[in-house]
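Read the structure below first, then the notes.
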Amino acid sequence: MEGEQVLAAIEGLIGELRTIGIPVSVSEQIDAVHGLTHVSLADYEEVKTALRAALVKEHQHEHAFDTVFDLFFATPGGDAGHPPAAGTGLADLDDRQIREPLIDALRAGDLTTVRFIAGLLVDRHARIVPGQPVAGTYYLFRTMRAIDQEEMLARLMPDEPLGPGPAGELGRRLAVEQAEARLDRLRAEVEAQIRQRLVADRGAQAVARTLRTPLPDDVDFLTASQQEIAVVRSTVQPLARKLASRLARKREHNRHGGLDFRRTVRRSMSTGGVPAEPIFRRPHPAKPELLVIADISGSVSTFATFTLQLVDALGSAFATVRTFVFVDGVDEVTDVFAKSSDIADAAARINTAASGVWLDGRSDYGNALQTFWTRWGRQLTSHSTVVVLGDARTNYHAPRAETLAVIRQRAGSVYWLNPEPTTAWDSGDSVMSAYARHCDGVFECRNVRQLKSFVDRLD
């Protein structure tokens, strides 16, 4: 690519990154352009690495960057028209014959040959229709279907037998992971070849619009697919550790101990009492107690699962974390989380025990709040922070908002997190406003980004 083409590609790349939610500052944009003066613009991987280093700050944004980069820096036609030096006869081989050199290239890490063969397979099997505004998922399916992936995976395993015992078992697991990684490499090259052809047909901007997917932080809890849920789950645990340490620092830095009168007077004596510099005792802020009351009915169960996972991992930032779940009744499940290996195990135990269910298993916020107050309300103190998770849809049962008012009088603070957009509050059987007047804060919490913003407010 020529210099002007590179600058135009960078501008398009950064514009698309900002559109999908990856923050890129002006100084980072300048750094990206400056960084390219130290690499060969003819080397695709060098350019990609330099721009990634300048523009990507979080690991979960790397996949989105790679996809967008491939669009704006794609070479029309890919490597399919430029066979590697050792593979001039590859184009004449049928699918079964071409599998052998493909496996050899994957084992050897020969990406040039892998990329060339991927281009041949796309040309043969994707059957791309010009002008269609698609992301290319079906083209990928068609191409990969033409490859016997199970046989490929078996052939990518090492030929020599692995010994018995723990060492042999570990070797087998590592061999499987390596074989799967090589097959993933092929799949990534096929995707890249498809994107290059789509860009050549419709342009980078048009393809980018069809490929846009939310970042993990922006995936909607209530409408997430299983694949998106898996990606979000992998981001919550490290996020929890980061937020826990931030809460601890904020609590320590934002509070002062009482005035140490004796030390203040002693220091001021060296200057005759003027000026007097006040000295404060070292602060020892008490950690608050956190009580989470979560609606686990079907409509909001995904939201509750992620929030409870985050809260459970925040345990070190609070003196106590107690967890309660409800549908039409309410049960404490703190011990379930303590005995479970992960959130999936805890969820399975809660479902097996039918926790939170009283009568018909349909959400009844009024009865749940009243039961919570009757059984545990007297244990609340001024150091208690109560967080309610739910959409406030009562199935037209009595909301009993006065019970939440009593809980608020007893606790230090009450917050409500609602996974629905604010435009849906108070529609149908939602009574969010009735509860909101008795809360210190009510927050829309549809994704990890909003959940993180709320935790930042906790103290």
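Throughout, residue positions are numbered sequentially from 1 according to the sequence presented. Note that the coordinates shown come from a computational prediction; the quantities given were computed from them, not determined experimentally.
Side chain of Trp376 to backbone of Thr371: no donor-acceptor contact under 3.5 angstrom is found. Side chain of Asp110 to backbone of Ala105: no donor-acceptor contact under 3.5 angstrom is found. Put simply, the side chain of Asn418 never gets that close to the backbone of Val442: no donor and acceptor are under 3.5 Å apart. Between the Asp440 side chain and the Val414 main chain, a donor and an acceptor come within less than 3.5 Å of each other. Without hydrogens or angle criteria, Asp295 side chain to Leu389 main chain gives no donor-acceptor distance under 3.5 Å. With hydrogens and angles ignored, the 3.5 Å screen pairs a side-chain donor or acceptor of Thr67 with a backbone N or O of His63. No donor-acceptor distance shorter than 3.5 angstrom exists from the side chain of Asn395 to the backbone of His397, with no hydrogens or angles considered.
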Verdict with supporting geometry, Arg375 and Glu332, salt bridge (Lys or Arg N to Asp or Glu O under 4.0 Å): CA-CA 10 Å; Arg375 296 173 62 181; Glu332 182 170 6; over 6 Å; no
Worked check of side chain to side chain contact (heavy atoms under 4.5 Å, CB included) between Leu102 and Met152: CA-CA 9 Å; Leu102 176 58; Met152 285 281 293; 3.7 Å; yes
Trace of the side chain to side chain contact (heavy atoms under 4.5 Å, CB included) decision for Leu183 with Glu180: CA-CA 5 Å; Leu183 193 59; Glu180 290 176 342; 5.7 Å; no
Candidate pair Arg187 and Thr143, rule side-chain hydrogen bond (donor to acceptor under 3.5 Å, both in side chains), full reasoning: CA-CA 9 Å; Arg187 185 179 293 106; Thr143 305; over 6 Å; no
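Separation of atoms CZ (Phe65) and CD (Glu16) is listed at 12.5 Å; rounding is to 0.5 Å. Residue Cys439 holds its SG atom at 5.0 Å from CG of Leu404, rounded to the nearest 0.5 Å. In this structure, OG in Ser363 is found 8.0 Å from CG in Asp328, a value given to the nearest 0.5 Å. Summarising the geometry, atom CD belonging to Glu191 is positioned 11.5 Å from atom CG belonging to Leu198; distances are rounded to the nearest 0.5 Å. To the nearest 0.5 Å, atoms CD1 (Ile103) and CG (Leu156) are separated by 5.5 Å. How far CG of Leu291 is from OG1 of Thr334: 8.0 Å, rounded to the nearest 0.5 Å.
Scanning for side-chain contact (heavy atoms from CB on, under 4.5 Å) contacts around Val199 gives Leu71, Ala204, Val207, with sequence neighbours left out. Checked against ring pair (Phe, Tyr, Trp, His ring centres under 6.0 Å), Phe443 has the following partners two or more places apart in sequence or in another chain: Phe454. Scanning for ring pair (Phe, Tyr, Trp, His ring centres under 6.0 Å) contacts around His59 gives an empty result, with sequence neighbours left out. Take Arg182 and apply the salt bridge (charged side-chain N to carboxylate O under 4.0 Å, His left out) test, not counting sequence neighbours, and it matches no residue. Shown here are the salt bridge (charged side-chain N to carboxylate O under 4.0 Å, His left out) partners of Glu189, two or more places apart in sequence or in another chain: Arg115, Arg185. Annotation: ring pair (Phe, Tyr, Trp, His ring centres under 6.0 Å) contacts of His34 (sequence neighbours excluded): His38. With sequence neighbours excluded, no residue forms a salt bridge (charged side-chain N to carboxylate O under 4.0 Å, His left out) with Asp43. When the ring pair (Phe, Tyr, Trp, His ring centres under 6.0 Å) test is applied to Trp425, no partner is found at least two apart in sequence or on another chain. For Arg195, the salt bridge (charged side-chain N to carboxylate O under 4.0 Å, His left out) criterion is met by Asp70, not counting sequence neighbours.
For residues 128-142, no pair satisfies side chain to side chain donor-acceptor pair (under 3.5 Å), with sequence neighbours left out. Residue pairs satisfying the side chain to side chain donor-acceptor pair (under 3.5 Å) criterion with at least one member in residues 94-105, sequence neighbours excluded, are listed as follows: Asp95-Arg124, Asp95-His125, Arg99-Glu151, Glu100-Arg155.
Residues Val47 and Leu36 are in side-chain contact: their nearest non-hydrogen atoms beyond the backbone lie under 4.5 Å apart. For the pair Phe73/Ile10, a side-chain contact is recorded, criterion being any heavy-atom separation below 4.5 Å from C-beta on. Between Arg173 and Val176, every side-chain heavy-atom pair lies at or beyond the 4.5 Å cut-off.
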Enumerate, atom names and distances included, each donor-acceptor pair closer than 3.5 Å involving a side-chain atom of residues 48-57, sequence neighbours excluded.
{"unit_1": "Thr49", "atom_1": "OG1", "unit_2": "Glu45", "atom_2": "O", "d": "2.9"}
{"unit_1": "Arg52", "atom_1": "NE", "unit_2": "Asp66", "atom_2": "OD1", "d": "3.4"}
{"unit_1": "Arg52", "atom_1": "NH2", "unit_2": "Asp66", "atom_2": "OD1", "d": "2.9"}
{"unit_1": "Lys57", "atom_1": "NZ", "unit_2": "Pro23", "atom_2": "O", "d": "2.7"}
{"unit_1": "Lys57", "atom_1": "NZ", "unit_2": "Glu28", "atom_2": "OE1", "d": "3.2"}
{"unit_1": "Lys57", "atom_1": "NZ", "unit_2": "Glu28", "atom_2": "OE2", "d": "3.2"}

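Closest non-hydrogen pair, Gly329 versus Asn367, comes out as CA-ND2, 4.1 Å. Contact detail for Asp201 and Gly131: the closest heavy-atom pair is OD2-N, 2.6 Å. Arg18 approaches Val26 most closely through the heavy-atom pair NH2-N, 4.2 Å. The two residues Ile20 and Ala64 have their closest heavy-atom pair at CD1-CB, 4.0 Å. The nearest pair of heavy atoms linking Val68 to Leu13 is CG1-CD1, 3.4 Å. Taking every heavy atom of both residues into account, Arg393 and Ser427 meet most closely at NH1-O, 2.7 Å.
Ring geometry for Tyr365 against Tyr435 counts as tilted: the plane angle lies between 30° and 60°, on a 0 to 90° scale.
Salt-bridge check for Asp123 with Arg197: passed, with a basic side-chain N closer than 4.0 Å to an acidic carboxylate O.
Summarising the local packing, CD of Glu11 is surrounded by 12 or fewer heavy atoms from other residues, nucleotides or ligands at distances under 6.0 Å.
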